[in-house]
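Quick caveat: nothing in here was measured; it's all calculated off a predicted structure. Each ligand, and each atom within it, is numbered from 1 in the order the structure gives. Reckoned from all heavy atoms, side chains included, excluding hydrogens, waters and symmetry mates.
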Amino acid sequence: MSPVLAGADRAAALASLSGWVERDGGTALSRDFVFRDFAEAFAFMTRVAFAAERLDHHPNWSNSWNRVEITLTTHESGGLTERDLSLAHEIDRVAK
Ligand SMILES: C[C@H](O)[C@H](O)[C@H]1CNC2=NC(N)=NC(=O)C2=N1
């Protein structure tokens, strides 16, 4: 089980991201993505889905037309771990 990030490790990990906000008392990260239309949003979701499978780490997310709202937490650890940060960076990469 991945350890929950804390202290300087947590601070450094969060500083490596931009556009993500802490949620649920710091146990999760969240970011909203807006695209031209549904097709672009769903194509993004497909790229994220493959990344999640590759990392064996999966988002909580919702889609409304051209918007995708993503929340990341490590369920089995009950908080933010390196796995969430890895997926967040990969999501940012495939969002471009
Ligand atoms: C069996 C499988 O490896 C686990 O259930 C993985 C799958 N994806 C996961 N995703 C997230 N966000 N948290 C988890 O604890 C988690 N566990």
- prompt: Any ring-ring contact (aromatic ring centres under 6.0 Å, His included) pairs touching residues 24-54, not counting sequence neighbours?
  reply: Phe33-Phe44, Phe35-Phe44, Phe38-Phe42

query: Who passes side-chain contact (heavy atoms from CB on, under 4.5 Å) against Leu17, sequence neighbours left out?
result: Trp20, Leu29, Leu85, Ala88, His89, Asp92

- prompt: Under a 4.5 Å cut-off applied to non-hydrogen side-chain atoms, are Thr73 and Asp24 in contact?
  reply: no

task: Let me know which protein residues bring a heavy atom to under 4.0 Å of ligand 1; chain then number is fine for ordering.
output: Asp56, His57, His58, Thr73, Thr74, His75, Glu76

message: Taking Glu90 first and then Arg54, would you say they form a salt bridge - that is, a charged N and a carboxylate O separated by under 4.0 Å?
response: yes

field: Side chain proximity check, Thr71 to Trp61, heavy atoms < 4.5 angstrom
entry: no

message: List the residues meeting side-chain contact (heavy atoms from CB on, under 4.5 Å) with Ala52, not counting sequence neighbours, and say none if there are none.
response: His58, Pro59

